[in-house]
Amino acid sequence: LQPGKALVASGYVLYSASTELVLTLGSGVAGFTLDQSIGEFVLTRPSIKIPKRGQVYSVNQANMDQWDQPMQDYIAALREGSG
């Protein structure tokens, strides 16, 4: 095993109405959709990016008291609208 910082690729697959594969090889993120008629994943989202600022944040705050203080402060600032 290697530490996470030594990763060269990462990805995940979602199964729903369509089958989606999201993959990075270290430079950008691409999304592929399974085309069942040919049995292959087809590039459908060549450049997936997370917005710099969203309208909603979502975290599980059940264990917030166990997070390190900078993370607690950041989430508190988001809740107050100043983060």
Are F41 and Y15 co-members of a hydrophobic cluster defined by side-chain heavy atoms under 4.5 Å apart?
yes
Let me confirm one number: the OH-CG distance from Y57 to L78, rounded to the nearest 0.5 Å.
6.5 Å
If we check side-chain contact (heavy atoms from CB on, under 4.5 Å) with T19, which of these qualifies: L14, T33, V13?
V13
Using atom types as modelled and distance alone, determine if a side-chain donor or acceptor of S16 lies under 3.5 Å from a backbone N or O of S18.
no
With clusters defined by side-chain heavy atoms of hydrophobic residues (ILVMFWY) lying less than 4.5 Å apart, directly or transitively, does L23 cluster with V8?
no
Donor-acceptor pair, distance only, cut-off 3.5 Å: does the side chain of E40 make one with the backbone of D35?
no
Which heavy-atom pair separates R45 from V22 by the least distance, and what is that distance?
NH2-CG2, 4.3 Å
If I compare all heavy atoms of W67 with all of N60, which pair ends up nearest, and what's the gap?
CZ2-O, 3.2 Å
Shortest non-hydrogen pair, R79 vs Q61, comes out as NH1-NE2, 2.6 Å
Can you tell me if CD on Q36 sees more than 12 non-hydrogen neighbours from other groups inside 6.0 Å?
no
Within a radius of less than 6.0 Å around CE of M64, do more than 12 heavy atoms belonging to other residues, nucleotides or ligands occur?
yes
Taking every non-hydrogen atom, the tightest pair across I48 and A30
CD1-C, 3.9 Å
Which pair of non-hydrogen atoms, one from L25 and one from A9, has the smallest distance, and what is that distance?
CD2-CB, 3.6 Å
Less than 3.5 Å apart, any donor N or O on the side chain of Q72 or D68 sitting next to an acceptor on the other?
no
Do you know which two heavy atoms are closest between G39 and L34, and how far apart they sit?
C-CD1, 4.0 Å
